[in-house]
There are 2 protein chains.
Amino acid sequence: MASIFWVEDQSHWIKKFSPVLEREDFDGKPNSLTILNFAEAARQKIALTDKDSPPDVALLDARMNGNDQAGFTVSTALRKKWPRLPIIYLSEHSGTEIEREALEQFSAQDFIAKHQHNVEQVLCWRIKAALRQASLDTDLTATVNVVNSGDLTIDLNTWNVYWKGQRLMNPSNARRPLAPTPRKLLRELVQSSPRPLTAIQIADRLDLDPEKFSYASYRQHIKTLRRAFDAVEDGEGRFTELCNNGEGIVTFGDEGAYLWKPPGGKSA
Amino acid sequence: MASIFWVEDQSHWIKKFSPVLEREDFDGKPNSLTILNFAEAARQKIALTDKDSPPDVALLDARMNGNDQAGFTVSTALRKKWPRLPIIYLSEHSGTEIEREALEQFSAQDFIAKHQHNVEQVLCWRIKAALRQASLDTDLTATVNVVNSGDLTIDLNTWNVYWKGQRLMNPSNARRPLAPTPRKLLRELVQSSPRPLTAIQIADRLDLDPEKFSYASYRQHIKTLRRAFDAVEDGEGRFTELCNNGEGIVTFGDEGAYLWKPPGGKSA
DNA sequence: AGCCGCTGTGAAAAATCGGTGAAAAATAGA
DNA sequence: TCTATTTTTCACCGATTTTTCACAGCGGCT
């Protein structure tokens, strides 16, 4: 939900823009629009709003009720509370001293002339641009890629695979990680669950030479995977047993296909 | 010094704006203005420019020489090399599909209509706003020009690399500094930790010819780095040993990727 | 029972990977 | 231009991964 904080004293602009702003899809969710008619009302609203739930973007008119500075006082209040909030000016006075002040003095993110062709659209485009810019700032570090299925977690960054919180290791050497091919294979199985995959389909997805990747190899990798799971299940062949009962990594009828069926889901 | 990268095919606009852009005080120092007349020339210029000395801001015209996409191809090239470079469009077609594309598809920082009152001034104000925004972003990430990871410090000004306070030297000659490529490579590894990097990814990030930078070279540079660390660890092969135990610079058994894992984290 | 085809298995062969030194090629500096 | 340095290539080795092979168990079918 994009929340927009808008201060505008002239009702005809409100009539013109509010339907567009409410309807426009900024982030896939419906928007919340807060409209204030006076600078003073805006400042009160700011004071009353929780510091931890700032609006996503603010729209201000620089000149309101005959006062050139009205918008700027609101800007100052906004900046004081939420220094990183993008502020966009909507004004009838582009190319003037007001625009200069907004951009230079008051660190406006943007300044939009109300009198221009297709303003409503332009406004939406520029709000989107401001939102994107703001998210860039915060996202910098983020982006964690994970594939998840029940007790199984595949970290696509480090390629570690976890089962019930423990790391799946190479069954032929418990100090080494799971080998690349079994790992990728598991990922494909999990991702295409509940659809089974034949050897040919796997070869295709992993970009392996279809001539080389035989059904026998596939079986071998499946064995490796089951043993890796077994190793985590401390005991002996617990996971393999599970597979025989139709959960985990199970065969699927013809053409030598296998299928990932998240265990415990149904028979728990 | 604000360096401006400007692509414009019509000389009357160049005549109109260049004096203003040269004279305007963006950051207290004289500006450097690079003007290209064609998209192709611009792409060449980009390719030839050092990745570590990007321009401060780019000005593009979306439509050049009758081609609506010309500016966008330049934009793509710029973004690929310098993802955080602010790009401002200067266009005769505001409020149109071109503006939408620029702002939404091509992540333009701003879009300025050439035909408006007081354009030269508006342009300067908005460049300043873009520069301010960009500096905000960088302040956020790397306050100082130092990359840090545990006992490792990379000073991006002098390009010195320190490990446990000692400077990493060239293993083939202890009186010389670490060679450029291993140094940059280390930086990329540290920055993208805990994500492994394949040879191709490294080539891409360091802007090397992907044809030339083979996995064999990558291995060689890794060797150089490990030895550089070893040299600091006074003794013999201490760091290399660490790597074998899964810390420091470790392989990542797939597609010849390596990964920086800050040592000492667990087994300290 | 006897004969399939399908899976699971261990062991061994084959291919690949990662580390290495040495040398060739490219690049930078004087 | 010539030299010093960096970067890439090459050939080799041991370790690891992947594939192949041969066989066993388990139904279903005639």
Side-chain angles (χ1 to χ4, degrees), chain A residues 159 169-185 196 198-199 202-203 206-230 237 239-246 248-259, chain B residues 50 159 169-186 196 198-199 202-203 206-230 237 239-246 248-259:
Chain A
W159 278 100
M169 301 307 279
N170 192 322
S172 66
N173 179 349
R175 313 183 36 148
R176 302 191 52 75
L178 207 53
T181 306
R183 194 169 49 198
K184 292 188 208 164
L185 209 147
T198 66
I202 285 278
L206 299 190
D207 211 31
L208 300 169
D209 184 351
E211 303 293 313
K212 274 192 126 183
F213 190 79
S214 65
Y215 172 47
S217 307
Y218 193 8
R219 271 177 3 224
Q220 219 56 225
H221 288 306
I222 293 293
K223 178 173 65 176
T224 306
L225 281 172
R226 286 180 179 157
R227 287 191 179 162
F229 280 99
D230 277 341
F239 186 83
T240 302
E241 200 181 317
L242 201 67
C243 296
N244 292 334
N245 291 340
I249 306 175
V250 299
T251 67
F252 188 83
D254 290 341
E255 308 194 47
Y258 287 89
L259 153 69
Chain B
D50 183 6
W159 276 105
M169 302 307 279
N170 192 321
S172 65
N173 179 349
R175 315 181 37 150
R176 302 190 50 74
L178 207 52
T181 306
R183 198 166 49 195
K184 291 188 209 164
L185 209 147
L186 178 62
T198 66
I202 284 278
L206 298 189
D207 211 31
L208 300 170
D209 184 351
E211 303 294 314
K212 273 192 127 183
F213 190 79
S214 65
Y215 173 47
S217 308
Y218 193 9
R219 271 186 300 168
Q220 219 55 226
H221 289 304
I222 293 292
K223 179 172 64 176
T224 306
L225 281 171
R226 286 181 180 158
R227 288 191 178 162
F229 280 99
D230 277 341
F239 186 82
T240 302
E241 200 183 317
L242 202 66
C243 295
N244 292 334
N245 290 339
I249 305 175
V250 299
T251 67
F252 182 75
D254 198 10
E255 309 195 36
Y258 287 88
L259 152 69

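Because the structure is predicted, anything quoted here is derived from the model rather than measured.
Note: CG (N245(B)) to C1' (dG18(C)) measures 16 Å, nearest angstrom. The separation between Y215(A) atom OH and dC21(D) atom P is 16 Å, rounded to whole Å. For F229(B) and dG19(C), the CZ to P distance is 15 Å, given to the nearest whole Å. The NZ-P distance, from K184(A) to dT16(C), rounds to 13 Å in whole Å. Rounding to whole angstrom units, CD1 of residue I222(A) and P of dC6(C) are separated by 17 Å. The interatomic distance linking L185(A) (CG) with dT17(D) (P) rounds to 15 Å, in whole Å. Rounded to whole Å, atom C1' of dC23(D) lies 12 Å from atom NZ of K223(A). Rounded to whole Å, atom C1' of dG14(D) lies 13 Å from atom CZ of R176(A).
In this structure, Y258(B) reaches the sugar-phosphate backbone alone: every heavy-atom distance under 4.0 Å involves primed, P, OP1 or OP2 atoms, never a base. Contact annotation for R183(A): no contact, since no heavy-atom pair falls under 4.0 Å across all strands.
The listed nucleotides are dT7(C), dT6(D), dC17(C); the one nearest the side chain of R219(A) is dT7(C).
F239(B) and F229(B) have parallel rings, their planes meeting at less than 30° on a 0 to 90° scale where 60° marks the start of perpendicular.
Two residues are said to be in side-chain contact when any heavy atoms from C-beta on lie closer than 4.5 Å; Y215(B) and E255(B) fail this criterion. Counting heavy atoms from C-beta outward, I222(A) and Y218(A) have side chains that approach closer than 4.5 Å.
Contact detail for H221(A) and T181(A): the closest heavy-atom pair is NE2-CG2, 3.6 Å. Residues K212(B) and S217(B) come closest through the heavy atom pair O-OG, 4.2 Å. When all heavy atoms of L178(B) and A228(B) are compared, the closest pair comes out as CD1-CB, 3.7 Å. For the residue pair T224(B) and P182(B), the shortest heavy atom distance occurs at CG2-CG, 4.2 Å.
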Heteroatom pairs (N/O) under 3.5 angstrom, protein to nucleotides 7-9 of chain D:
{"from": "dT7(D)", "atom 1": "OP1", "to": "T181(B)", "atom 2": "N", "distance (Å)": "3.1"}
{"from": "dT7(D)", "atom 1": "OP1", "to": "T181(B)", "atom 2": "OG1", "distance (Å)": "2.5"}
{"from": "dT8(D)", "atom 1": "OP2", "to": "H221(B)", "atom 2": "NE2", "distance (Å)": "2.8"}
{"from": "dT9(D)", "atom 1": "OP2", "to": "K212(B)", "atom 2": "O", "distance (Å)": "3.1"}
{"from": "dT9(D)", "atom 1": "OP2", "to": "S214(B)", "atom 2": "OG", "distance (Å)": "3.1"}
{"from": "dT9(D)", "atom 1": "O4", "to": "Q220(B)", "atom 2": "NE2", "distance (Å)": "3.4"}

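The shortest distance between the side-chain N/O atoms of N170(B) and the OP1/OP2 oxygens of dT6(D) is below 4.0 Å.
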